[in-house]
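The structure under discussion appears below in the form of structure tokens.
Every chain is numbered from 1 and lettered A, B, ... according to where its sequence line falls, protein lines coming before strand lines.
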There are 2 protein chains.
Amino acid sequence: MSPVDPENAELYSIADLAKEFGISTRAIRFYESKGLISPERLGATRVFRRRDRARLILILRGKRLGFSLRDISDYLALYDADRGQQVSLLAEKVEERLELLEQQLTDLQTTIAELHEIRKLARDRVVSS
Amino acid sequence: MSPVDPENAELYSIADLAKEFGISTRAIRFYESKGLISPERLGATRVFRRRDRARLILILRGKRLGFSLRDISDYLALYDADRGQQVSLLAEKVEERLELLEQQLTDLQTTIAELHEIRKLARDRVVSS
DNA sequence: TCACGCCTTTACGTTAGCGTCAAACAACTG
DNA sequence: CAGTTGTTTGACGCTAACGTAAAGGCGTGA
């Protein structure tokens with residue numbers, strides 16, 4: 001049995017999350033060492049709540065987008081800056097990031113269009129052969 | 001003077017391209033060592049043509065999208081597979097890559113939407129304060 | 001001729017993001 | 001009580017993608 005009480009659906013062990021997201025426990029500990037998540041402790045054992053799980057989802061999405069953990073950390077900071085930060089600074093950071101993402105969106109759409117074109121060419125070749 | 005004759009606008013030195021794209025000559029040599037580009041030689045000196053320059057643009061776009069050089073290499077292979085490859089294999093690879101890119105597109109749109117939301121929240125806070 | 005600027009190759013250094021033991025502890029199970 | 005399973009903290013290893021000298025060749029201009 002998991003060291004975390006399964007009667008409480010809000011709690012996850014490190015192995016639970018690793019399995020759910022198809023990553024290693026080592027990776028999760030590494031993210032914690034970098035300050036991306038900070039699960040509670042039950043003695044020495046990590047205990048993850050919904051918040052940690054949600055952050056993990058954001059982390060993995062960031063990775064799919066090719067961001068470094070450093071970038072993801074910055075993004076998470078924006079994300080949970082509901083209160084506690086200088087709003088002006090926050091807005092600035094958000095704007096910066098949005099510009100990068102929109103550049104990336106353009107790149108992505110161009111690339112997808114090109115692949116569609118390549119696919120089309122390939123099909124034409126099949127037909128005419 | 002550049003070792004490449006400037007009268008011929010089709011030719012670029014390694015420094016020309018490095019400067020134009022804001023990368024190091026080391027990076028360009030590294031890409032060649034990985035087979036992503038293969039400029040001609042004039043003696044020992046690299047001579048880049050339009051094709052090499054075009055490839056470099058694709059490489060840099062791939063990097064902005066967070067792809068590894070290995071991935072970019074695969075992508076380039078699709079790109080110049082106008083002829084010379086098994087069409088069926090080509091189509092398969094294209095399809096694979098398109099799926100990844102469309103996942104990435106979804107991630108990206110979600111992230112952008114979230115940042116817009118955060119920006120909105122921040123603005124509301126300013127107004128109500 | 002000699003310094004300069006740009007080119008080359010070789011090679012070691014560096015950072016990120018984990019993988020992979022190792023050693024030790026805690027709880028359950030037969 | 002021994003064994004299995006899951007946890008912890010080190011600590012060393014590894015690949016990618018270059019950075020950074022070091023040492024030398026080639027052509028030009030004073």
Side-chain angles (χ1 to χ4, degrees), chain A residues 1-8 11-49 52-53 55-56 58-76, chain B residues 1-8 11-49 52-53 55-56 58-76:
Chain A
M1 186 172 84
S2 170
V4 174
D5 186 359
E7 292 180 348
N8 192 334
L11 304 181
Y12 312 88
S13 74
I14 191 170
D16 290 341
L17 294 183
K19 186 173 182 186
E20 174 175 4
F21 296 118
I23 61 182
S24 68
T25 60
R26 175 69 176 92
I28 294 179
R29 293 196 186 97
F30 185 72
Y31 299 152
E32 180 182 3
S33 79
K34 293 296 174 182
L36 301 190
I37 45 181
S38 29
E40 295 170 24
R41 298 294 180 125
L42 221 174
T45 303
R46 291 170 179 79
V47 176
F48 298 81
R49 294 184 180 278
D52 304 303
R53 187 172 169 282
R55 292 197 137 226
L56 207 41
L58 291 178
I59 292 170
L60 297 180
R61 196 177 66 193
K63 295 209 61 178
R64 284 198 302 275
L65 290 176
F67 296 153
S68 69
L69 293 187
R70 184 70 174 79
D71 283 347
I72 294 175
S73 177
D74 292 350
Y75 176 72
L76 288 176
Chain B
M1 185 172 86
S2 169
V4 173
D5 186 0
E7 294 181 346
N8 193 333
L11 304 181
Y12 312 88
S13 73
I14 190 170
D16 290 340
L17 294 183
K19 187 174 181 186
E20 174 175 4
F21 296 118
I23 61 182
S24 69
T25 60
R26 175 69 175 92
I28 295 179
R29 293 196 186 96
F30 185 73
Y31 300 154
E32 179 183 4
S33 80
K34 292 297 175 182
L36 301 190
I37 44 181
S38 28
E40 295 169 24
R41 297 294 179 127
L42 221 174
T45 303
R46 290 170 179 81
V47 176
F48 297 80
R49 294 183 179 278
D52 303 303
R53 187 172 169 282
R55 291 197 137 225
L56 207 41
L58 291 179
I59 292 170
L60 296 180
R61 196 177 67 193
K63 295 210 63 180
R64 284 198 302 276
L65 290 175
F67 296 151
S68 69
L69 292 186
R70 185 70 175 77
D71 282 348
I72 294 174
S73 177
D74 292 351
Y75 176 72
L76 288 176

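- Computed from coordinates, the R41(B) CZ to dT8(C) P distance equals 6 Å when rounded to whole Å.
- We find that CG of L42(B) is positioned 14 Å from P of dC26(D), with the value rounded to whole Å.
- Between R29(B) and L69(A), the residue anchored closer to the 5' end of DNA chain C is R29(B), taking for each the nucleotide with the nearest heavy atom.
- The CD1-P distance, from I23(A) to dT20(C), rounds to 15 Å in whole Å.
- A donor-acceptor contact shorter than 3.5 Å is absent between the side chain of R49(A) and the backbone of D52(A).
- With R53(B) contributing its side chain and L17(B) its backbone, the two residues share no donor-acceptor pair below 3.5 Å.
- Going from atom CG of D16(A) over to atom P of dT5(D) covers 17 Å, rounded to whole Å.
- Between R70(A) and the phosphate of dA16(C), there is no side-chain N or O to OP1/OP2 separation shorter than 4.0 Å.
- Nearest nucleotide to the side chain of K63(A), out of dT8(C), dT9(D), dG17(C): dG17(C).
- In this structure, the separation between OH on Y75(A) and CG on L65(A) is 9.0 Å, given to the nearest 0.5 Å.
- Listed pair R46(B) / dT9(C) meets the phosphate criterion, a side-chain N or O lying under 4.0 Å from OP1 or OP2.
- Per the geometry, CZ belonging to F30(A) stands 10 Å off P belonging to dG19(C), to the nearest Å.
- Of the candidate nucleotides dT20(D), dG17(C), dG19(C), dG19(C) has the atom nearest to the side chain of R26(A).
- Among the nucleotides dT9(C), dT8(D), dG19(D), the one closest to the side chain of S24(B) is dG19(D).
- Here the straight-line distance linking atom OH of Y12(A) with atom CD1 of I28(A) works out to 12.5 Å at 0.5 Å rounding.
- Here dG17(C) presents its C1' atom at 13 Å from CG of L60(A), a figure rounded to the nearest Å.
- Rounded to a whole Å, the NZ atom of K19(B) is 12 Å from the P atom of dC7(C).
- For the pair D74(B) (side chain) and D71(B) (backbone), a donor-acceptor distance under 3.5 Å is absent.
- Rounding to whole angstrom units, CD of residue E32(B) and P of dT10(C) are separated by 12 Å.
- Distances shorter than 4.0 Å separate none of the side-chain N or O atoms of S13(A) from OP1 or OP2 on dG6(D).
- When heavy atoms are screened at a 4.0 angstrom cut-off, T25(B) is found touching no nucleic acid atom at all.
- Between dG17(C) and Y31(A), no contact under 4.0 Å exists linking OP1 or OP2 to a side-chain N or O.
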